[in-house]
Structures are given as C-alpha cells and as structure tokens.
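In this chain, numbering begins with 1 at the start of the sequence shown. In this text the structure is predicted, and so the values were computed from the model without any measurement.
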Amino acid sequence: QVQLVESGGGLVQAGGSLRLSCAASGRSFSSYAMAWFRQAPGKEREFVAAITWTGGSTWSADSVKGRFTISRDNAKNTVYLQMNSLRPEDTAVYFCAAQSHVKFTASEYDYWGQGTQVTVSS
C-alpha cells in the first residue's frame, strides 16, 4: 500500500506557474507508476500526466503538452507537476495517483491522494 499527499496548489494569475508535489509513504514507492489527474466542478476526472517507476518515460495530455512537466525523485518519495503558462481552464482539483503500471483512466488507479486546489484567474 502507498499513501499519497498532494501540496503546492493555490491561486495564480493566468500565465503564471505552480509546482505541485505528491509525497508518498508506505512501501516501495519507487516500484509504482505515478500520474496526475484533475477534476473541475461538474466534470469528470481527467488525465493530466504520467511517469514510469524509473522516471524514464512520461506522457502528457494534449491540453497541457508543452506547459506541464511531470517528474519524480524516488530518493524523496515524491512526484512533481511543474505547471507553466497556466490558463483559467486549468482550474481544478489536482490529484496524484499510483498504480503498478502507467494507465490513462482514473478508474484504473488504486491509490489516490486527497487533492489540491489550483485556481487560475484571468
């Protein structure tokens, strides 16, 4: 089992940047693929980015490609989401998730954090 806690959300103006962190505790963090999802009010939870357990491969949704970067530090049991050039449509609760292999739909992830709010003002 792994427990996940997100941090780093907040209020930022359009064009600004934030870095989200997801700290993991429990066993074998480095053996899990990690992902970020987001959920805006009234919308389904959507895939944002994912990274393999080695950090050697990453994937991003088309909507954030070129603006968001996922990374991980297995020595610190932490995964990050660097968000640049933020837009009002990026406003959502952001969740990190863990699974044995990279997946792209929320229903396929077993472990979730509680989420952190990101609000981008225009």
Has Asn74 got a side-chain atom pairing as donor or acceptor with Trp53's backbone, closer than 3.5 angstrom? yes
[X], [Y]: one ILVMFWY side-chain cluster at the under-4.5 Å cut-off?
X      : Y      : answer
Val2   : Ile70  : yes
Phe37  : Val93  : yes
Val102 : Trp112 : yes
Leu4   : Phe47  : no
Leu18  : Tyr94  : yes

Could you state the interatomic distance from [atom1] ([X]) to [atom2] ([Y]), rounded to the nearest 0.5 Å?
X     : Y     : atom1 : atom2 : value
Leu20 : Thr78 : CG    : OG1   : 12.5 Å
Gln39 : Glu44 : CD    : CD    : 8.5 Å
Leu81 : Glu6  : CG    : CD    : 11.0 Å
Ser71 : Arg19 : OG    : CZ    : 7.0 Å
Tyr80 : Cys96 : OH    : SG    : 12.0 Å
Phe68 : Ser63 : CZ    : OG    : 7.5 Å

Is there a side chain to side chain contact (heavy atoms under 4.5 Å, CB included) between Val79 and Trp36? Walk through the geometry before answering. CA-CA 9 Å; Val79 64; Trp36 288 95; 4.0 Å; yes
[X] to [Y] - nearest heavy-atom pair and separation:
X      : Y     : result
Met34  : Ala98 : SD-CB, 3.5 Å
Thr116 : Gly9  : OG1-N, 3.2 Å
Ser17  : Asn84 : OG-OD1, 2.9 Å

Has Arg72 got its NZ or CZ under 6.0 Å from the middle of the six-membered ring of Phe29, at an angle within 45 degrees of the ring axis?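 Verdict for Phe29: a cation-pi partner in Arg72.
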Would you say that more than 12 heavy atoms from the other residues, nucleotides or ligands in this model lie under 6.0 Å from the CD of Gln1, or not?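 At most 12 heavy atoms, drawn from other residues, nucleotides or ligands, come within 6.0 Å of this atom.
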Under a 4.5 Å cut-off applied to non-hydrogen side-chain atoms, are Tyr32 and Tyr111 in contact? yes
Side-chain contact, heavy-atom cut-off 4.5 Å: Thr91 with Gln117? yes
So which of Arg87, Met83, Gln82 actually passes side chain to side chain contact (heavy atoms under 4.5 Å, CB included) with Arg67?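 By the side chain to side chain contact (heavy atoms under 4.5 Å, CB included) criterion, Arg67 pairs with just one of Arg87, Met83, Gln82: Arg87.
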